[in-house]
Amino acid sequence: MRILLTIEYRGTNYHGWQRQKNLPTIAQTLEQAIFKVTDKQVSIHGAGRTDAGAHAYNMKAHFDIDYPLPPEKFAYVLNNVLPPDIKIRKSELVDDNFHSRFWAKSKTYIYKIYLSDSPSGVYYDTHYRVRPPLDIDAMKQAAKFLIGEHDFSAFMSQGSAPSSTIRTITDLAISLREIDDGYGQELVIKITGRSFLYNMARVIVAQLVKVGKKIIQPQDIKTILLTKQRKYAKEIAPAHGLYLLDIEY
């Protein structure tokens with residue numbers, strides 16, 4: 001049977017999702033937990049890959065197994081052996097043809113910025129700290145140029161060779177809220193799209209921060225898109241502010 005897992009994790013202590021030799025990763029930790037519970041070796045297939053230090057609220061991944069346990073019980077038994085920073089929110093039976101990556105219709109990421117003059121001992125590995133001020137209205141104007149179907153070559157890091165660099169962003173929202181520490185605010189950038197190029201979300205965030213800092217103007221984002229060259233968008237926001245929020249099937 002094919003089991004779909006919904007996984008929440010804090011990626012601080014891991015070298016990303018994908019298996020790596022001699023390095024702890026999310027996928028490897030999940031496979032080890034499944035083996036510990038069932039004594040069966042499985043390969044887990046994620047809906048995507050998150051970078052080292054990035055987090056997830058609702059990562060999706062599937063695996064195939066022949067084991068006498070109701071699908072919905074896998075969440076409970078796996079949570080008993082998983083570390084506290086990786087937990088299964090839900091386990092369910094899916095069609096044998098289902099694929100967590102290829103069947104995804106859209107993905108939503110959020111990026112958290114701690115807007116403060118002083119560093120935080122709490123948010124240091126969950127938010128990207130940026131010193132104020134940031135022109136939030138200018139960032140929102142810039143974000144509009146990214147919505148829709150575009151060639152996002154300028155917003156892709158080296159390290160992958162996609163068949164196409166055309167991607168569609170269906171929503172890009174920016175919100176600011178007060179937080180209770182008394183020293184800063186939380187800025188959240190929410191991005192939804194069909195799929196994303198390598199590091200695309202983090203490069204977008206970095207360019208929006210440049211707009212907020214008035215290093216570049218909102219309309220410069222459109223110019224960068226049209227160049228299709230990464231040299232005009234060299235900066236990348238740190239991985240520890242990025243969260244995979246949800247995946248729609």
Side-chain angles (χ1 to χ4, degrees), residues 3-34 42-63 75 78-79 82-91 99-114 123-129 152 155-162 167 169-172 188-206 208-209 235-249:
I3 304 296
L4 176 65
L5 302 177
T6 301
I7 311 146
E8 181 180 70
Y9 57 84
R10 182 169 177 159
T12 304
N13 295 322
Y14 302 91
H15 290 260
W17 170 268
Q18 190 178 11
R19 307 168 197 85
Q20 296 187 48
K21 188 175 182 180
N22 300 323
L23 292 172
T25 67
I26 305 297
Q28 178 188 38
T29 303
L30 288 166
E31 288 173 351
Q32 290 171 345
I34 294 168
V42 303
S43 293
I44 192 160
H45 303 275
R49 300 173 181 176
T50 51
D51 298 328
H55 320 286
Y57 288 113
N58 291 288
M59 171 62 92
K60 303 287 187 179
H62 74 267
F63 64 95
L78 289 175
N79 283 337
L82 282 166
D85 51 5
I86 303 177
K87 292 301 172 187
I88 309 300
R89 309 300 290 180
K90 184 180 182 181
S91 59
H99 197 286
S100 58
R101 177 184 174 190
F102 300 129
W103 281 33
K105 294 180 179 178
S106 70
K107 297 177 184 177
T108 299
Y109 290 91
I110 60 172
Y111 195 94
K112 297 183 180 183
I113 292 174
Y114 180 58
Y123 301 123
Y124 71 94
D125 62 348
T126 60
H127 292 62
Y128 170 31
R129 203 258 295 195
F152 281 94
F155 293 82
M156 177 185 70
S157 290
Q158 298 298 317
S160 66
R167 294 292 186 272
I169 290 180
T170 56
D171 188 49
L172 207 171
V188 177
I189 299 173
K190 184 178 180 182
I191 308 174
T192 299
R194 172 66 178 83
S195 62
F196 291 80
L197 298 169
Y198 182 47
N199 285 337
M200 177 175 152
R202 291 167 57 194
V203 176
I204 285 174
V205 169
L208 291 177
V209 169
E235 300 80 7
I236 182 169
H240 62 256
L242 184 66
Y243 297 72
L244 175 61
L245 179 62
D246 206 4
I247 300 171
E248 181 185 352
Y249 291 100

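Any value given below was found using the heavy atoms of this structure, including those in side chains, with hydrogens, waters and symmetry copies removed.
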Sequence neighbours excluded, which residues qualify as salt bridge (Lys or Arg N to Asp or Glu O under 4.0 Å) partners of [X]?
X    : answer
R194 : none
R167 : none
K87  : none

Say you draw a straight line from [atom1] of [X] to [atom2] of [Y]; how long is it, rounded to the nearest 0.5 Å?
X    : Y    : atom1 : atom2 : answer
I88  : E8   : CD1   : CD    : 10.5 Å
L208 : I113 : CG    : CD1   : 8.5 Å
I110 : I191 : CD1   : CD1   : 10.5 Å
K105 : W103 : NZ    : CH2   : 10.0 Å
K90  : T6   : NZ    : OG1   : 6.5 Å

Could you report the tightest heavy-atom contact between [X] and [Y], atom names first, then the distance?
X    : Y    : result
L197 : P162 : CD2-CG, 3.8 Å
A75  : S91  : N-OG, 3.0 Å
F63  : S43  : CB-O, 3.6 Å
G48  : W17  : O-CD1, 3.6 Å
T50  : H55  : CG2-O, 4.4 Å

Taking everything shown except K112 itself, do over 12 heavy atoms lie less than 6.0 Å from its NZ?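 Enclosed: over 12 neighbouring heavy atoms sit under 6.0 Å from NZ of K112.
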Is atom CZ of R49 surrounded by more than 12 heavy atoms (other residues, nucleotides or ligands) closer than 6.0 Å?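 No - once you tally the heavy atoms of other residues, nucleotides and ligands closer than 6.0 Å, there are 12 at most.
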Does the side chain to side chain contact (heavy atoms under 4.5 Å, CB included) test come out yes or no for R202 and D51, once each step is laid out? CA-CA 10 Å; R202 291 167 57 194; D51 298 328; 2.6 Å; yes
Under 30°, 30 to 60°, or over 60°: which ring-plane class applies to Y114 and Y123, parallel, tilted or perpendicular?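 If you compare the ring of Y114 with that of Y123, the planes turn out tilted.
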Determine whether [X] and [Y] make a side-chain contact, defined as any pair of heavy atoms from C-beta on separated by less than 4.5 Å.
X    : Y    : value
T12  : D85  : no
I236 : S157 : yes
H62  : H99  : yes

Residues forming a side-chain hydrogen bond (donor to acceptor under 3.5 Å, both in side chains) with K107, sequence neighbours excluded: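 Here no residue qualifies.
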By the side chain to side chain donor-acceptor pair (under 3.5 Å) test, which pairs, at least two apart or in different chains, include something from residues 20-32?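 Only R19-E31 qualify under side chain to side chain donor-acceptor pair (under 3.5 Å).
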What's the verdict on side chain to side chain contact (heavy atoms under 4.5 Å, CB included) for I26 and I86, showing C-alpha distance, side-chain angles and the deciding distance? CA-CA 8 Å; I26 305 297; I86 303 177; 3.8 Å; yes
Can you find a side-chain donor-acceptor pair between D171 and T192 that sits under 3.5 Å?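 D171 vs T192: no donor-acceptor pair found between side chains.
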Could you go through the side chain to side chain contact (heavy atoms under 4.5 Å, CB included) check for K190 and T108 one step at a time? CA-CA 7 Å; K190 184 178 180 182; T108 299; 3.8 Å; yes
Measuring centre to centre across the rings, with the benzene-like ring taken for any Trp, is Y14 within less than 6.0 Å of Y9?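 Between Y9 and Y14, which both carry aromatic rings, the centre distance is not below 6.0 Å.
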Please set out all donor-acceptor pairs under 3.5 angstrom arising from side-chain atoms of residues 238-249, sequence neighbours excluded.
| from | atom 1 | to | atom 2 | distance (Å) |
| --- | --- | --- | --- | --- |
| H240 | NE2 | H127 | O | 2.9 |
| Y243 | OH | T126 | O | 2.8 |
| E248 | OE1 | S106 | OG | 3.3 |
| Y249 | OH | S100 | O | 2.6 |

Full working for side chain to side chain contact (heavy atoms under 4.5 Å, CB included) between I204 and I189: CA-CA 10 Å; I204 285 174; I189 299 173; 5.7 Å; no
